[in-house]
Amino acid sequence: MRNRLRLITLLGLVGINIILLPACKDQSKSQLPVDLPRQDVFVVDQIFRYSVVENFNLWMPNIPSPTRQGLIMDSLWYIDQETGNKINALSTEPPTYNQDFTQMTVKLRSGMYWSDGVEFTADDLVFTVNNLKSHLGMNWSTELSLFVKEVKKVDNYTVIFELNDSNPRFHYYFTVRYNAVWMQPKHIWKNVDDPMTFKFNPPVSLGGYEYADSDPAGYWELFKQREDWQRTTAGMLTGKPGPPYIMTVFYGGSERKVMAMARHELDLFMNVDYEAFQAVLKKTPTARSWYKEFPWAYPNELSGRYFGFNLGRKTVFTNKDVRWALTLALDIVDLQTEYIGGVARVTAIPHPATPIQMELYHNPLESWLKEFQIEIEEGIFYHPYDDAVTERIAAWAQKQGYSVPSDAKELRLLFGTGWWKHDPKIAERLLLKSGFTRNTNGKWLTPDGELWTIKMIVAPDEVDIYRLAIGAQDQWADFGLKLEIETLQRDPYSTRNYMGEFESISSWGNASSGDATADKWQAIFGLHSQFYTPNGKSTAARGSIDTLRIKSKEVDLIIDELGKIHPEDDRVVELGHDFMKLWVENMFSITTISFKKFVTTDTYYWTGFPTSENAFVQPLYWFGGGRFTFQHVESAIRNKSER
């Protein structure tokens, strides 16, 4: 079943080895497209090629945001996604609410400056909110219009928000996980006729870096350390300057990143596939990922992978028995080991399986999952949960020669939770119950008698969703079902996801996202039916994350109940549990694994990046909070002749 994947892997590794032979001979000549000393440039993986170039209007949908957002943007607060530490950035303290949470006061930090020398003040915050409210279709415009009655300046460093309704979570919109409401320099934007088409180029930076140069074809960008980096929150809060230059480069697929790192032309990448990572370990002794040994990869990014279906169309996928049948036709142990390399945590619920979140959600729900039943035929029920998944993954890992713990709790921390049984016979009964039949070749026919073929879109630059899609294609083929995979570059993939222009999708986030807190509200608020967007219209900048077009009164009720209580109320987790149960019962999407990333750094030129032994800050450099991570990167101490 996996001969095709293994052949692709073998050919890729052979190619890497052949190309690396000459590439490794001369490491003194830099191949970077800028005329700068190599030791002054920290080169990071751009993740994907930008189809929208030289545009820094990050308040508009579909403008590239990874990495660059942390270098030049800023907001009021941050939550470090590794430590959970809450960071007061442009605000000097946490938000202050009145008794009924209809008013929020913000105290701003003085002495923070835009890169053109103008101080950041309350004028910028007030202008940003009003500008976004006035232009529906910009990012955060829907949410700010929904919640903000008025925002007013008290003095240069004090702002008061008057809210339309009680909302003890309003500050979430200014608290950076991946991003948040970025500040706009009023002295620039007040003169802009059309904020929705303005490119904000060159950008006036509020981060520790400023834009220097870029490739008009979208393959790279260069940022220069600000001379006054101490007058930014990134510099002031860390006390460190960071590298003189940071360059983001899109080299291409996994094998090209391996080659670039072997030549010491790439200092940090976000992710590669398992086989390419093994090649990095062999070819670049100065490279390492989060862990020194198996499972190597960073496991704590707060999101999950899933297979989803467009439920806004009248198709067979609106039948939850069909979605359950497809789930039981999958073998999660095979997916996690043969396709992902055994290095990710399995999660059966739509929530990231990090240690903190497992204590809050996965572990308390374990007994419910074991008792949970689905009706496969009238009056006949079935327990679909398999709690022995981690043990089978551990057995696989031991056969590969990896050292794994024997304690069940430690195995869960390593490999995640149980999942759904691989039970093609039950899957078949569910489909037969739903009017499907098989032809003489054992292939599935729809209730209309047509050969059943599922079409799935995927973006290969997001390695795990691509490999999981290949795994599903193989496993569903064994079940008699054809899956056609359409590969897309990141921008068209995202656009079609937002527009509902797909039948099925291999993706991430959506309901499976979380935060470094116990509160699920922010991750699921965009699923509320008040934001429902029909197929053919984009969910982007509408307050919606409901790309699967789910419309559920039960989901709405949970979100509404969460919104009524304080985020630190004990009922927050209880309602989160209710949401997980509802999602599982309906199998709105097939969540597979929690995020893992082979975030790998080459220490040949640069050191100071966080690791499992020194987990002082998140390694998620492409997040907005990566701005603090970059500041800690320092030049490696090496003899100049080595360079």
Side-chain angles (χ1 to χ4, degrees), residues 50-66 68-76 90 106 108 112-153 156 159 161-162 164 173-174 176 179-207 209-218 221-223 226 232 491-492 494-495 498-499 531 533 537-544 624:
Y50 296 163
S51 61
V52 179
V53 298
E54 299 177 343
N55 188 327
F56 293 89
N57 187 348
L58 269 60
W59 298 269
M60 285 299 297
N62 301 320
I63 304 301
S65 59
R68 62 203 320 232
Q69 60 185 350
L71 297 178
I72 63 173
M73 300 288 173
D74 205 356
S75 197
L76 303 181
L90 289 174
V106 178
L108 297 177
M112 298 296 102
Y113 284 80
W114 298 97
S115 57
D116 61 358
V118 177
E119 186 180 12
F120 168 80
T121 67
D123 291 325
D124 298 305
L125 174 54
V126 171
F127 176 85
T128 299
V129 173
N130 288 329
N131 195 31
L132 294 177
K133 284 182 63 181
S134 300
H135 295 91
L136 290 178
M138 298 187 80
N139 293 332
W140 304 290
S141 60
T142 297
E143 296 90 330
L144 293 175
S145 297
L146 178 65
F147 291 117
V148 179
K149 178 188 297 183
E150 182 185 10
V151 57
K152 51 193 177 184
K153 169 185 173 181
N156 274 348
V159 171
F161 288 85
E162 300 289 348
N164 288 316
Y173 293 107
F174 299 87
V176 178
N179 62 7
V181 177
W182 300 123
M183 298 298 103
Q184 294 177 332
K186 178 181 178 180
H187 62 286
I188 301 296
W189 283 80
K190 70 179 181 180
N191 300 315
V192 174
D193 292 330
D194 185 359
M196 300 180 76
T197 59
F198 181 50
K199 291 187 176 181
F200 193 42
N201 186 20
V204 177
S205 170
L206 196 54
Y209 287 78
E210 56 188 334
Y211 169 70
D213 199 1
S214 65
D215 172 35
E221 288 185 334
L222 180 69
F223 299 87
R226 282 176 51 174
T232 70
D491 287 341
S494 297
T495 297
Y498 298 149
M499 296 290 291
F531 304 119
T533 307
K537 293 185 178 180
S538 177
T539 57
R542 292 175 180 266
S544 175

Are any of the side-chain heavy atoms of [X] and [Y] separated by less than 4.5 Å?
X	Y	answer
V181	L76	no
F161	F147	no
Y211	L71	no
I72	L206	no
Q69	W182	yes

Tell me yes or no: between the side chains of Q184 and N131, is some donor less than 3.5 Å from an acceptor?
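N131 and Q184 do have a side-chain donor-acceptor pair below 3.5 Å.
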Donor-acceptor pair between W189 and D124 side chains, under 3.5 angstrom:
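Side chains of W189 and D124: no pair found under 3.5 Å.
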Without placing hydrogens or testing angles, list every side-chain donor-acceptor pair under 3.5 Å for residues 192-201, not counting sequence neighbours.
from: D194; atom 1: OD1; to: M196; atom 2: N; distance (Å): 3.1
from: D194; atom 1: OD2; to: T197; atom 2: OG1; distance (Å): 3.1
from: T197; atom 1: OG1; to: D194; atom 2: O; distance (Å): 3.3
from: N201; atom 1: ND2; to: E54; atom 2: O; distance (Å): 3.1

List for me each residue that meets side chain to side chain donor-acceptor pair (under 3.5 Å) alongside N156, sequence neighbours excluded, and say none if there are none.
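If we apply the side chain to side chain donor-acceptor pair (under 3.5 Å) test to N156, skipping adjacent residues, the hits are K153.
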So, [X] side chain and [Y] main chain: donor-acceptor pair closer than 3.5 Å or not?
X	Y	value
D491	S51	yes
T142	A541	yes
N139	L58	yes
T495	P492	no
K133	V148	yes
T533	F531	yes
S205	E210	no

Could you pull out the closest heavy-atom pair between W59 and M183, with the gap in Å?
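It is CZ2-O, 3.1 Å.
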R68 charged N/C atom sitting above F56 aromatic ring, 6.0 Å / 45°:
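Because its charged atom sits under 6.0 Å from the ring centre and within 45° of the axis, R68 does stack over F56.
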Go through the structure and list residues passing side chain to side chain contact (heavy atoms under 4.5 Å, CB included) with V53, not counting sequence neighbours.
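Partners of V53 under the side chain to side chain contact (heavy atoms under 4.5 Å, CB included) test: Y50.
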